[in-house]
Amino acid sequence: MLAEWLPQVKVFDSDSPKTALLRGDADVGIVWSGEAALLWERDRRFEYILPTAGAHLFLDSLAIPVGAPEKALAEDFINHCLDPEISVLISNAYPYTNPNLAARRLLTPAQLANPASYPPGDPQLAPLRNVGNDARAVTGLIRELRGK
């Protein structure tokens with residue numbers, strides 16, 4: 001399947017996958033939900049669709065490494081980010097789904113209506129899982145198919 005589909009891929013861009021869509025260089029794309037939310041805010045002609053198979057739940061996390069020299073400062077920063085008022089500011093700039101329920105209550109109806117941030121219905125997405133050494137094989141296959 002990859003060998004058949006890969007020649008149709010115009011761009012690989014995980015930093016700003018919405019850019020090719022906004023420029024008209026692509027008609028469809030796989031886009032991070034936060035990028036899709038920004039895209040939908042800028043141009044409502046784009047539709048956010050979760051595929052019936054293969055979509056996954058992705059979480060960004062803040063973690064403190066064992067032995068961090070400024071552990072208390074890192075904890076203060078995490079607590080700061082979790083403050084509902086601050087969490088809303090983060091959502092304003094990066095409209096990924098906000099897991100902070102207290103902050104979510106402070107979002108505008110327009111923010112909550114963004115289908116990329118808060119997909120309608122109750123999608124049950126599986127979390128990512130570590131594929132271990134299989135990741136190298138997949139990366140090798142993609143490089144081979146791309147001729148790199």
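In this text, all values refer to a predicted model and were calculated from it rather than measured experimentally.
No hydrogens or angles considered: nothing links the side chains of N98 and Q111 as a donor-acceptor pair under 3.5 Å.
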So V31 and F46, side chain to side chain contact (heavy atoms under 4.5 Å, CB included) or not? Walk me through it. CA-CA 12 Å; V31 181; F46 292 103; over 6 Å; no

Walk me through whether K71 and I64 qualify under side chain to side chain contact (heavy atoms under 4.5 Å, CB included). CA-CA 7 Å; K71 182 180 178 205; I64 303 170; 4.1 Å; yes

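If you chain together hydrophobic residues whose side chains sit under 4.5 Å apart, F77 and I90 never meet in one group. Hydrophobic clustering, with ILVMFWY side chains joined whenever heavy atoms are under 4.5 angstrom apart, keeps W32 apart from L38.
The shortest distance between side-chain heavy atoms of I86 and H80 falls below 4.5 Å. Between Y48 and S33 there is a side-chain heavy-atom pair separated by less than 4.5 Å. With a 4.5 Å cut-off on side-chain heavy atoms, V88 and R104 do not count as touching.
Here the straight-line distance linking atom OG1 of T97 with atom CG of L112 works out to 10.0 Å at 0.5 Å rounding. Considering CG of L73 and CD of E75, their distance stands at 10.0 Å, rounded to 0.5 Å. Taking CG of L39 as the reference point, atom CZ of R45 lies at 8.0 Å (rounded to 0.5 Å). Here OG1 of T139 is found 9.5 Å from CZ of R136. Values are rounded to the nearest 0.5 Å.
The shortest heavy-atom contact between A116 and P119 is O-CD, 4.3 Å. Nearest approach of L21 to A26, heavy atoms of both residues: CD2-O, 3.4 Å. Nearest heavy atoms, P95 versus G34: CG-O, 3.7 Å.
The 12-atom threshold is exceeded at CG of L89, counting heavy atoms of other residues, nucleotides or ligands nearer than 6.0 Å. In this structure, N79 places its CG atom where more than 12 heavy-atom neighbours from other residues, nucleotides or ligands lie under 6.0 Å away.
Of the possible polar contacts, one joining the N114 side chain to the A37 backbone as a donor-acceptor pair under 3.5 Å is found. Of the possible donor and acceptor atoms, none in the side chain of N100 sits under 3.5 Å from a partner among the backbone N and O of S87.
Taking W40 as the reference, nothing meets the ring-ring contact (aromatic ring centres under 6.0 Å, His included) condition, with sequence neighbours excluded.
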Side-chain atoms of residues 9-20: list all donor-acceptor pairs with protein atoms under 3.5 Å, sequence neighbours left out, distances to 0.1 Å.
{"from": "K10", "atom 1": "NZ", "to": "D25", "atom 2": "O", "distance (Å)": "3.3"}
{"from": "D13", "atom 1": "OD1", "to": "D15", "atom 2": "N", "distance (Å)": "3.0"}
{"from": "D13", "atom 1": "OD1", "to": "S16", "atom 2": "N", "distance (Å)": "2.9"}
{"from": "S16", "atom 1": "OG", "to": "T19", "atom 2": "OG1", "distance (Å)": "2.5"}
{"from": "K18", "atom 1": "NZ", "to": "E35", "atom 2": "OE1", "distance (Å)": "3.2"}
{"from": "K18", "atom 1": "NZ", "to": "E35", "atom 2": "OE2", "distance (Å)": "3.3"}
{"from": "T19", "atom 1": "OG1", "to": "S16", "atom 2": "O", "distance (Å)": "3.2"}

